There are 2 protein chains.
Amino acid sequence: MAIKYSILGLLHYKDMHGYRIKEHLERNFGHMWSINYGQIYPNLKILCDDGWIRMMDFSQNGEKGPPRKLYSITEKGREEFLRWLSASPERAMILRDPFLMRFVFFGFGDRDNALALIDAQIDIYEKQIVRRKDNQRRWDELGMYVQLVADLGITFNELFLDWLKKARARIAEETHKKRKAS
Amino acid sequence: MAIKYSILGLLHYKDMHGYRIKEHLERNFGHMWSINYGQIYPNLKILCDDGWIRMMDFSQNGEKGPPRKLYSITEKGREEFLRWLSASPERAMILRDPFLMRFVFFGFGDRDNALALIDAQIDIYEKQIVRRKDNQRRWDELGMYVQLVADLGITFNELFLDWLKKARARIAEETHKKRKAS
DNA sequence: TTTTAATATATAAAACCTATATATAAAAAG
DNA sequence: CTTTTTATATATAGGTTTTATATATTAAAA
C-alpha cells in the first residue's frame, strides 16, 4: 500500500528506474523509510498493470552500465497519488528496534554485556549522524518538506545518542553502587 | 524471531496467559513495541513445541472471566533467552510512519490539507503524551531499564510534537510569503 | 583474455501486521 | 428469570514488509 505511493511520489521528481528509486529513497529519505528490491520490482509491475505508471524505455539511457527500465508516472497515477496524499494516515507510527527490545530486558542478563551492546550502539549512531549531516545540502535542494523531515531524522538521532549515553552512565552508576554495597 | 524472545522476556516477570502478555506489553512497552494476537498465539504454540515454555494450567486461575492458559518459562527457555539477550541486534532500528511518508511529499499537494493533517497529528500526540505520563509510576516499579526506555518514549513524543509545531509554523509562514508575493 | 566490481532486474521465503472469528463468563437490560 | 451486551480469552487467515538469494549486463581491474 504505502510502497506504491512512495514510488509514485518519487516519480513526481523525475522518471526513474527501479535501482535509482531505491538509491534516491535511501539517500534522501533513509532516515524514516526504506524500500527493498523485494518490494520495488513487484510493485513497479503492479503499478504498470494498473496504469498508474508506464515503462518508457529499456536501454542505457545515455549512462554507463547495464540497460535500465525507465518508469514515468501517468495522469491516473497522479490522481491516485493525490488522493492518498490527502487521506489520513492509515496507521500510527511504528518503531522497531532489536536493541531496545533487548534493553528493556537487560535486567535479566549480564550488566557488562549490556554495557558492551550500548557502546556498540553509541558507535553506530555517532557515525550515522556524521553521514547524515554530510547529506544536508542535498536535502535543502529537494524542498522545505524534505528538509524538515531530514531535520527530524537528525534530531532524533541526536536525542537517541544522548539517551544512550545517559543510560550508560546510569547503569554504570548502579553497578558501582552495588559493588560498593557488597 | 524477536516475538519469541519478547514473550520469553515477559515470562521472566511471572507466568502469564496470552491475553495478559499482550496487555502487559501494550501497557509497559507500548511506546516502542507491540505484539498482536496474530503473533502471540502461534508463537506460544511454537515455544511450547520447542520446550522453551510450558502450559501450566487451563482454568480461571482464581480470577473472573473465561478460562486462560497460563504459561511458564522453562530452564531451556531461560538459556535461549540469555543467548539472544547477549547477542548483537540482528538489524537496525526501523521507524515507519504513514504520516511522515505523506509529509515529504506535501509539496506536491494542497497546503491547507497538509496543515489539517498536521493538526490532527498534533492532537494525537498531545493526548498520547498525557496518557504515557499517567503511566509513569508503574514503569518505575518495573526497574531501571524499563524506566529508561519509557523515558525515551516520552522524550521522543515530546520531540516529535515540538517538530510538528515548528513544521506547521514554517509551512504557514511560507504560505504567507507566497500570498504576499502574488 | 579473464576475473572482479558495479549496476540493474527479479523471485522466494520468513516475519510482521491487519482482519476476522469463536468461546466463556459476567454484567446489564428487558 | 431470561436474553442481550460486554469483557475476557483463544485462535486462524490473509495481506504487507523484510530478509535472503539469484541472475544478467556492462565496465574496470587484474
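No experiment lies behind these values; they were computed from the predicted model shown. Sequence lines set the chain letters: A, B, ... in the order given, protein chains first and strands last, and positions in each chain run from 1.
Smallest separation of non-hydrogen atoms from L44(B) and I7(B): CD2-CG2, 4.0 Å.
Residue pairs meeting the salt bridge (charged side-chain N to carboxylate O under 4.0 Å, His left out) criterion with at least one partner in residues 5-15 of chain A, sequence neighbours excluded, do not occur; the list is empty.
Scored by the side chain to side chain donor-acceptor pair (under 3.5 Å) test, K69(B) finds no partners at all (sequence neighbours excluded). Evaluation of the ring pair (Phe, Tyr, Trp, His ring centres under 6.0 Å) rule for H24(A) yields Y13(A) as partners, not counting sequence neighbours. By the salt bridge (charged side-chain N to carboxylate O under 4.0 Å, His left out) test, R68(B) is found to be paired with E63(B), residues two or more places apart in sequence or in another chain being considered. Qualifying ring pair (Phe, Tyr, Trp, His ring centres under 6.0 Å) partners for F105(A), counting only residues two or more places apart in sequence or in other chains: F29(B), F81(B).
DNA chain C lies under 4.0 Å from at least one heavy atom of each of the following residues of residues 14-24 of chain A: H17(A), G18(A), Y19(A), R20(A).
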Just distance, no hydrogens or angles: give the donor-acceptor pairs under 3.5 Å from side chains in residues 50-61 of chain B, sequence neighbours left out.
unit_1	atom_1	unit_2	atom_2	d
D57(B)	OD2	S59(B)	OG	2.7
S59(B)	OG	N61(B)	N	3.2
Q60(B)	NE2	G65(B)	O	2.3

Side chains of residues 163-170 of chain B: which donor-acceptor partners sit under 3.5 Å, not counting sequence neighbours?
unit_1	atom_1	unit_2	atom_2	d
W163(B)	NE1	L148(A)	O	2.9
K165(B)	NZ	E126(B)	OE2	3.2
K166(B)	NZ	D162(B)	OD2	3.2
R168(B)	NE	D119(B)	OD1	2.6
R168(B)	NH2	D119(B)	OD2	3.2
R170(B)	NH2	Q147(A)	OE1	3.4

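Atom-to-atom, CZ of R68(B) to P of dA11(D) comes out at 14 Å; the value is rounded to the nearest Å. Look at CG on N61(B): it is 15 Å from C1' on dT10(D), rounded to the nearest Å. Note: CD1 (I46(A)) to P (dT17(D)) measures 11 Å, nearest angstrom. The OH atom of Y41(B) sits 17 Å away from the C1' atom of dC16(C) (whole-angstrom rounding). Taking atom CG on N43(A) and atom P on dG15(D), their separation rounds to 15 Å, with Å as the unit. Following rounding to the nearest Å, D97(A) (CG) and dA15(C) (C1') show an atom-to-atom distance of 17 Å.
Below 30°, between 30° and 60°, or above 60°: for H12(B) and F108(A) the angle between ring planes is between 30° and 60°, a tilted geometry.
An OP1 or OP2 oxygen of dA10(C) is reached within less than 4.0 angstrom by no side-chain nitrogen or oxygen of K45(A). One finds no side-chain N or O of K4(B) lying less than 4.0 angstrom from the OP1 or OP2 phosphate oxygen of dA15(C).
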The contact string for nucleotides 18-30 of chain D, one letter per nucleotide 5' to 3', using protein heavy atoms under 4.0 Å with B, S and - for base, sugar-phosphate only and none, comes out as BB-----BSSS--
